[in-house]
Amino acid sequence: MVAAMEPVRSRPSLPAGYGVPAGEEGMLTWDDVRARLAAARNYWVSTVRPDGRPHATPVWAVFVDDVLYHGGDPATRRARNLEANPYASIHLESGDEVVILEGRTTRHTEADTDAELLRRVDEAYQAKYGMPHGTPVWSLAVHRALAWTTYPTTVTRWTFPS
């Protein structure tokens, strides 16, 4: 299982003209982000093609044990991109109530992943979308996250220990 660790919360470094406050007042909590990730229906996954061009795709995903799992048939462009370069950015649909995750993905199949974890991921897909997912699935080990609900006062960044 890929376990998420508690992140360190801060303000992002943006030019002063963006109006992001310097202090902690108004910053979001990681629990706020967890709830939004669990409740969302659609997620956008951004990957990089082998020639360096970006590729973005909407996907369904589930949040199990503080880890985001999404599917991807090995023949899809997204899955082929992740096989070549496992780093991705995943964000929710809203441009007003934002959650952006950056990190490294891992591909999970029956051959290399605990059956109990895959069962729980399938159950989460069944509960959320009315169907199990099956494999492969990809998990995202988050390195950095950015979120806000009211820009710029709630803009918050999290970094995760390695």
Listed partners of Tyr125 passing ring pair (Phe, Tyr, Trp, His ring centres under 6.0 Å), at least two apart: Tyr129, His133

Residue pairs passing the side-chain hydrogen bond (donor to acceptor under 3.5 Å, both in side chains) test with at least one member in residues 94-103, sequence neighbours excluded, are Glu102-Arg144

Transitive ILVMFWY cluster of Trp44 at side-chain heavy atoms under 4.5 Å: who else is in it? none

Side chains of residues 18-26: which donor-acceptor pairs under 3.5 Å do they make with residues two or more places apart or in other chains?
residue, atom, partner, partner atom, Å
Glu24, OE1, Arg9, NH2, 3.4

For Gln126, which residues count as a side-chain contact (heavy atoms from CB on, under 4.5 Å) partner, sequence neighbours excluded? Pro132

Residues passing the side-chain contact (heavy atoms from CB on, under 4.5 Å) test with Ala61, sequence neighbours excluded, are Tyr43, Leu68, His70

Hydrophobic cluster mates of Met27, side-chain heavy atoms under 4.5 angstrom, ILVMFWY only, any path? none

Can you name the salt bridge (Lys or Arg N to Asp or Glu O under 4.0 Å) partners of Glu93, sequence neighbours left out? none

For Asp51, all residues meeting salt bridge (Lys or Arg N to Asp or Glu O under 4.0 Å), sequence neighbours excluded: Arg53

Which residues pass the side chain to side chain donor-acceptor pair (under 3.5 Å) test with Arg77, not counting sequence neighbours? Asn81

Might you work through the salt bridge (Lys or Arg N to Asp or Glu O under 4.0 Å) test for Glu83 and Arg80, ending with a clear yes or no? CA-CA 5 Å; Glu83 285 292 335; Arg80 290 181 291 149; over 6 Å; no

Just to verify, what does Asp73 make a salt bridge (Lys or Arg N to Asp or Glu O under 4.0 Å) with, not counting sequence neighbours? none

Within the distance-only criterion (no hydrogens, no angle test), does the side chain of Thr156 pair as donor or acceptor with the backbone N or O of Leu28 below 3.5 angstrom? yes

Among all residues two or more places apart in sequence or in another chain, which pass the salt bridge (Lys or Arg N to Asp or Glu O under 4.0 Å) test with Arg78? none

